[in-house]
Asks: 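Sharing a structure here in structure tokens format.
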Amino acid sequence: MAPLCRGAKAKLYWKVEITRLDYHHYLPVFFSGLREVEEPYRFIAEEGVYDMMREGGEAKVLPVIPQLILPLKDALNTRDERVMIRTLKVIQALVDLGDAIGVALVPYYRQLLPVLNVFVNATKHTGDGIDYGQRFGHIGELIQETLVKLEKRGGPDAYINLRYLIPSYESAVYG
């Protein structure tokens with residue numbers, strides 16, 4: 001019996017082992033590409049970020065955190081919902097690499113979070129209609145999920161800093 005064709009999954013083909021790359025050089029370059037909306041640049045940047053984070057893990061990514069803040073801030077400040085949604089998902093994946101990364105991001109909340117305050121309450125109300133775009137995520141819900149992850153992984157100072165920058169944020173840890 002022939003195997004079922006499940007469709008194609010695009011991915012980057014790396015000529016060098018990802019772990020052998022200079023993370024201090026290449027990871028910020030891929031993060032800068034998160035602002036891209038034109039294909040194939042958007043795809044290359046996004047896949048490069050995820051591939052490098054997956055292969056390098058917390059050990060390779062943690063020392064590069066200070067260099068990632070400006071590209072993340074620039075991507076969020078575009079205020080383009082597509083770019084912001086993509087960037088918020090990357091921030092969540094970044095925090096999921098390990099607790100040390102969550103703690104390392106806390107001092108940079110002042111650069112990253114102010115723009116989220118504008119969109120934090122943006123939700124989509126469709127009434128009885130069907131929302132066909134729900135698989136991409138809604139900006140308000142995604143911001144809330146990201147803030148919860150930042151609080152849970154950011155250590156003892158995370159909530160205070162989140163609350164200072166986003167006054168409407170309610171703690172997910174301290175009921």
Asks: What distance separates Ile139 CD1 from Arg82 CZ, expressed to the nearest 0.5 Å?
Replies: 12.0 Å
Asks: Please find the pair of heavy atoms, one from Met52 and one from Phe30, that lie closest to each other, and give the distance.
Replies: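 Answer, listing the atom of Met52 first, then Phe30: SD-CD1, 3.5 Å.
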Asks: How close do Thr87 and Ala75 get, counting heavy atoms only, and between which atoms?
Replies: OG1-CB, 3.3 Å
Asks: I need the minimum non-hydrogen distance between Phe119 and Ile143, along with the two atoms involved.
Replies: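 Residues Phe119 and Ile143, closest heavy atoms: CB-CD1, 3.4 Å.
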Asks: Regarding Thr19 and Glu55, is there a side-chain donor-to-acceptor distance under 3.5 Å anywhere?
Replies: no
Asks: How far apart are the C-alpha atoms of Ile69 and Leu105, what are their side-chain angles, what is the distance that settles it, and do they pass the side-chain contact (heavy atoms from CB on, under 4.5 Å) test?
Replies: CA-CA 9 Å; Ile69 300 307; Leu105 285 173; 3.8 Å; yes
Asks: Look at the side-chain heavy atoms of Ile, Leu, Val, Met, Phe, Trp and Tyr, link any pair under 4.5 Å apart, and say whether Leu97 and Val103 land in one connected group.
Replies: no
Asks: Any chance you could measure Glu81, atom CD, to Thr78, atom OG1, to the nearest 0.5 Å?
Replies: 10.0 Å
Asks: Is there a donor in the side chain of Gln144 and an acceptor in the side chain of Tyr169, or the other way round, less than 3.5 Å apart?
Replies: no
Asks: Can you establish whether the number of heavy atoms outside Lys60 located under 6.0 Å from its atom NZ is more than 12?
Replies: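 Yes, NZ of Lys60 has more than 12 neighbouring heavy atoms, counting only those of other groups under 6.0 Å.
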Asks: Keeping Gln67 on the side-chain end and His24 on the backbone end, is there a donor-acceptor pair under 3.5 Å?
Replies: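 Flag set: sc Gln67 to bb His24 pair under 3.5 Å.
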Asks: Quick one: pull up CG in Leu88 and CD in Gln92 and give me the separation to the nearest 0.5 Å.
Replies: 7.0 Å
Asks: Does some side-chain heavy atom of Leu21 sit less than 4.5 Å from a side-chain heavy atom of Trp14?
Replies: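 Trp14 vs Leu21: side chains touch.
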Asks: Quick one: does Phe31's side chain get under 4.5 Å of Met53's, heavy atoms only?
Replies: yes
Asks: List the atom of Pro28, the atom of Pro71, and the distance in Å for their closest heavy-atom pair.
Replies: O-CG, 4.0 Å
Asks: Please report the C-alpha distance between Leu94 and Val49 in whole Å, then the side-chain angles of each, then the deciding distance to 0.1 Å, and finally whether the side-chain contact (heavy atoms from CB on, under 4.5 Å) criterion is met.
Replies: CA-CA 10 Å; Leu94 190 62; Val49 163; over 6 Å; no
Asks: Applying a strict under-4.5 Å side-chain criterion to I, L, V, M, F, W and Y, I'd like to know whether Leu70 and Leu112 cluster together.
Replies: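 Hydrophobic grouping puts Leu70 apart from Leu112.
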Asks: Within this structure, what is the CG-NZ distance for the pair Asp96 and Lys152, rounded to the nearest 0.5 Å?
Replies: 11.0 Å
Asks: Looking at side-chain heavy atoms only, is the closest gap between Asn117 and Leu113 below 4.5 Å?
Replies: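 SC-SC contact between Asn117 and Leu113 ruled out.
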Asks: Honestly curious: do Leu142 and Val83 fall in one hydrophobic cluster under the side-chain, below-4.5 Å linking rule?
Replies: no
Asks: Can you find a heavy atom in the side chain of Leu34 that is under 4.5 Å from one in the side chain of Leu72?
Replies: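 In contact.
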Asks: Should Ile44 and Tyr26 be counted in the same cluster of Ile, Leu, Val, Met, Phe, Trp and Tyr side chains packed under 4.5 Å apart?
Replies: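 Cluster IDs for Ile44 and Tyr26 match.
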Asks: Rounded to the nearest 0.5 Å, how far does OG1 of Thr146 lie from CD1 of Ile85?
Replies: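 The CD1 atom of Ile85 sits 10.5 Å away from the OG1 atom of Thr146.
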Asks: Are the side chains of Ile101 and Arg153 in contact, using a 4.5 Å heavy-atom criterion?
Replies: no
Asks: Check for me, please, whether Tyr50 and Leu12 land in the same ILVMFWY cluster - side-chain distances under 4.5 Å, paths through other members count.
Replies: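 Yes, one cluster joins them.
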Asks: Is it the case that more than 12 heavy atoms not belonging to Arg110 sit under 6.0 Å from its CZ atom?
Replies: no
Asks: What is the minimum heavy-atom distance between Met84 and Arg79, and which atoms define it?
Replies: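 What the structure gives for the nearest pair is SD-CA, 3.6 Å.
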Asks: Do Asp80 and Arg35 come within less than 4.5 Å of each other through their side chains, counting heavy atoms only?
Replies: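 No, too far: nothing below the 4.5 Å cut-off.
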Asks: Heavy atoms, side chains only, cut-off 4.5 Å: are Asn77 and Gln111 in contact?
Replies: no
Asks: A side-chain contact here means heavy atoms from C-beta on lying under 4.5 Å apart; do Leu165 and Leu116 qualify?
Replies: no
Asks: Do the side chain of Tyr109 and the main chain of Leu162 share a donor and acceptor less than 3.5 angstrom apart?
Replies: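 Absent.
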Asks: Quick check: closest heavy atoms across Ala100 and Glu58, and the distance to 0.1 Å?
Replies: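 Scanning both residues, the minimum pair turns out to be CB-OE2, 2.8 Å.
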Asks: If you round to the nearest 0.5 Å, how far is CG of Asp99 from CG of Leu62?
Replies: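 One gets 11.5 Å once the value is rounded to the nearest 0.5 Å.
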Asks: Charged N to carboxylate O below 4.0 Å: is that the case for Glu46 and Arg42?
Replies: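 Yes.
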